[in-house]
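Structure, as C-alpha cells:
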Amino acid sequence: MPGNALKILVADYDLATTLASGQAFRWQPGAGVWTGVIHRHWVQLHGVPGGIEATTAGPVTDWSWLTHYLQTDLDLPTVLASFPADEPLRAAVQHARGLRLLRQDPWECLASFILSSTKQIVQIQQIVALVAERYGEPLAVPNGHSPTHAFPSAERLAALSEADLRDCKMGFRAPYLLAAARAVAGGKLDLERLRGVELAEAREALITLPGVGPKIADCVLLFAYDFPQAFPVDVWVMKALRRLYFPRRARSPARLQRFITTYFGPHSGYAQQYLFHYMRTHPNPV
DNA sequence: GCCCAGGTGAAGC
DNA sequence: GCTTCACATGGG
C-alpha cells in the first residue's frame, strides 16, 4: 500500500547533525522536523527513538530514493572501527556519534560545491535556495507549506547567461557554474560514467572543470558517489590536520597528502567528516 | 572598517 | 615545487 509516511529503523543516526553538517544545503530546521528536497521529492524528516520518520507530499510506493540518500543501510560501527585509534578521532567521534555521510545527486552536489568556495555554509544555502527558486521546477507540497522547487538541471542552467547567475548572488562563481552546466548538458562531462571508474580518474575528470579543484572534486566524490576514500581538505580540515596531528612543525602539502592517503584507512572520507565537524564546533584549542 | 568563509587559477619566483 | 593575489558577497 503506497503511503506518504515511512518509519526507517536505524541505529546510530544523528539526523540533525547530519543534515546541518555542510554536505547538503537544502535542509531547513523546524520544530524537531527537517524540511528539504531530495531529487524531485519534497520531504520532512524527524529523528525518533530507533530511527527516522519521513513524510512526503504524495503517496510513495518505492522509498529507495530516500534510504539511498540517507544511507540508512550503512553499518556505522564497522566504519568507526576502521579508523586509526588515535585521540583526535576518538574525541571527534564521541562528540558527534551518529554523524553520517549522505549520498546526493551528483549534479546538484557538483553545482552546490562550485558555489561553496570561500562562502560560509549559511550563505551557500541562501544561494542554492535562490537558484532553485528561480530556475528549478516547482514540486508538489502539502497544503500549508511554502512552495518548493527541485534543484535545476544542468540543461536548464546551461541555457542561462552569466548575468542571470550573477543575479543569484554567486559572484565570481557564476562563470564556473555556467561552464559546468554546459559541460554536463553537452555531454562533455558524463557524471553517470564516473560511478564506474577509479577514484583518481573520477577526480581528474571533475578537475578539468574551471573552478573545480581537488577540494571541490573530493566533496562531490564523497557526498554523491561511492568513493569512501575521497578526502576533501578545506580550511577546517587543514586546521584539524595541523593542530591535531602535526602541532610541532608544518608539513608540506605533498607530505600531508601522503599522510591522508595512508593513515586514515578504507573509510578516510568518513574520518574527514568527523574531523571537519569537530573543528567547526570546537574552533579554539582546548 | 576589519577579517573570514567547506577554493581556485594565474602570475611570480 | 611554493607563495601571493584577485575574485563577489555577506556575517560576525
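These numbers come from a predicted model, not from an experiment. Here is the naming used below: chain letters follow the sequence lines, and residue numbers restart at 1 for every chain.
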Check: Which part of the nucleic acid, if any, lies within contact of A:F223, taking any heavy atom under 4.0 Å across all strands shown: a base, the sugar-phosphate backbone alone, or nothing?
Finding: base
Note to self: If the cut-off is 4.0 Å, is A:K119 near the phosphate of B:dT8, judged by side-chain N/O to OP1 or OP2?
What the structure shows: no
Item checked: Sugar-phosphate, base or nothing in reach of A:T118, heavy atoms under 4.0 Å -> base
Next item on the list: Give the rounded distance in Å between these two atoms: CZ of A:F172 and P of B:dG7.
Entry: 9 Å
Margin query: What contact category does A:V237 fall into here, base, sugar-phosphate, or nothing, at under 4.0 angstrom with non-hydrogen atoms?
Written below: base
Note to self: Restricting to non-hydrogen atoms, name the atom on A:P232 and the atom on A:V237 that form the minimum distance, rounded to 0.1 Å.
What the structure shows: O-CG2, 3.8 Å
Check: With rounding to whole Å, what would you report as the distance between B:dA11 and C:dA8 at their P atoms?
Finding: 16 Å
Margin query: Can you tell me which nucleotide in B:dG7, C:dG11, C:dC2 comes closest to the side chain of A:Q126?
Written below: C:dG11
Notebook entry, point to check: Closest to the A:S252 side chain: C:dC2, B:dA5, B:dT8?
Noted result: C:dC2
Check: Across the strands shown, which category fits A:Q125 at heavy-atom distances under 4.0 angstrom: base, sugar-phosphate, nothing?
Finding: nothing
Checklist line | Pair A:R195 + A:D226, salt bridge at N-O below 4.0 Å | finding: no
Checklist line | Length of the CE-C1' vector between A:M170 and C:dG10, whole Å | finding: 15 Å
Notebook entry, point to check: Under 4.0 Å between a Lys/Arg side-chain N and an Asp/Glu carboxylate O for A:R203 and A:D218?
Noted result: yes
Check: Less than 3.5 Å between a donor and an acceptor, one on the side chain of A:Q272 and one on the base of B:dG6, is that the case here?
Finding: yes
Margin query: Could you tell me how far B:dG6 sits from C:dG1 if I compare only their P atoms? Round to whole Å.
Written below: 29 Å
Notebook entry, point to check: Charged N to carboxylate O below 4.0 Å: is that the case for A:E137 and A:R156?
Noted result: no
Checklist line | Comparing A:Q273 and A:I207 on DNA chain B - which has the more 5′ nearest nucleotide | finding: A:Q273
Notebook entry, point to check: Rounded to the nearest Å, what distance is computed from the CD atom of residue A:E162 to the C1' atom of nucleotide C:dA8?
Noted result: 12 Å
Note to self: Stacking between A:W236 and B:dG6, defined as ring centres under 5.5 angstrom apart with planes under 30°, is that present or not?
What the structure shows: no
Note to self: Under 4.0 Å, counting only non-hydrogen atoms across every strand here, what does A:G22 touch: a base, just sugar-phosphate, or nothing?
What the structure shows: base
Next item on the list: Tell me what A:L209 touches on the nucleic acid: a base, only sugar-phosphate, or nothing, going by heavy atoms under 4.0 Å.
Entry: sugar-phosphate
Margin query: What is the separation between atom CG on A:L222 and atom C1' on B:dG6, rounded to the nearest whole Å?
Written below: 12 Å
Check: Does a nitrogen or oxygen in the side chain of A:R173 sit under 4.0 Å from OP1 or OP2 of C:dC7?
Finding: no
Notebook entry, point to check: When we call it a touch if two heavy atoms are under 4.0 Å apart, what does A:S112 touch: a base, just sugar-phosphate, or nothing?
Noted result: nothing
Next item on the list: Would you mind reading off the distance between A:Q123 atom CD and B:dG6 atom P, rounded to a whole angstrom?
Entry: 8 Å
Next item on the list: Please report, rounded to the nearest Å, how far the P atom of B:dT8 is from the CZ atom of A:F113.
Entry: 11 Å
Notebook entry, point to check: Starting at the 5' end of DNA chain C, which residue's closest nucleotide do you reach first, A:G171 or A:P253?
Noted result: A:P253
Margin query: Looking only at the side chain of A:K169 (C-beta and beyond, no hydrogens), which of the listed nucleotides C:dG10, B:dG6, C:dC2 gets closest?
Written below: C:dG10
Next item on the list: Round to a whole Å and report the spacing from CD of A:Q120 to P of C:dG11.
Entry: 8 Å
Notebook entry, point to check: Given atom CZ of A:R166 and atom P of C:dA8, what is their separation to the nearest angstrom?
Noted result: 5 Å
Check: Is the A:H41 ring parallel, tilted or perpendicular to the A:W65 ring (thresholds 30°, 60°)?
Finding: parallel
Check: Do A:L15 and A:V37 sit in the same hydrophobic cluster, where Ile, Leu, Val, Met, Phe, Trp and Tyr count as joined when their side-chain heavy atoms come under 4.5 Å apart?
Finding: no
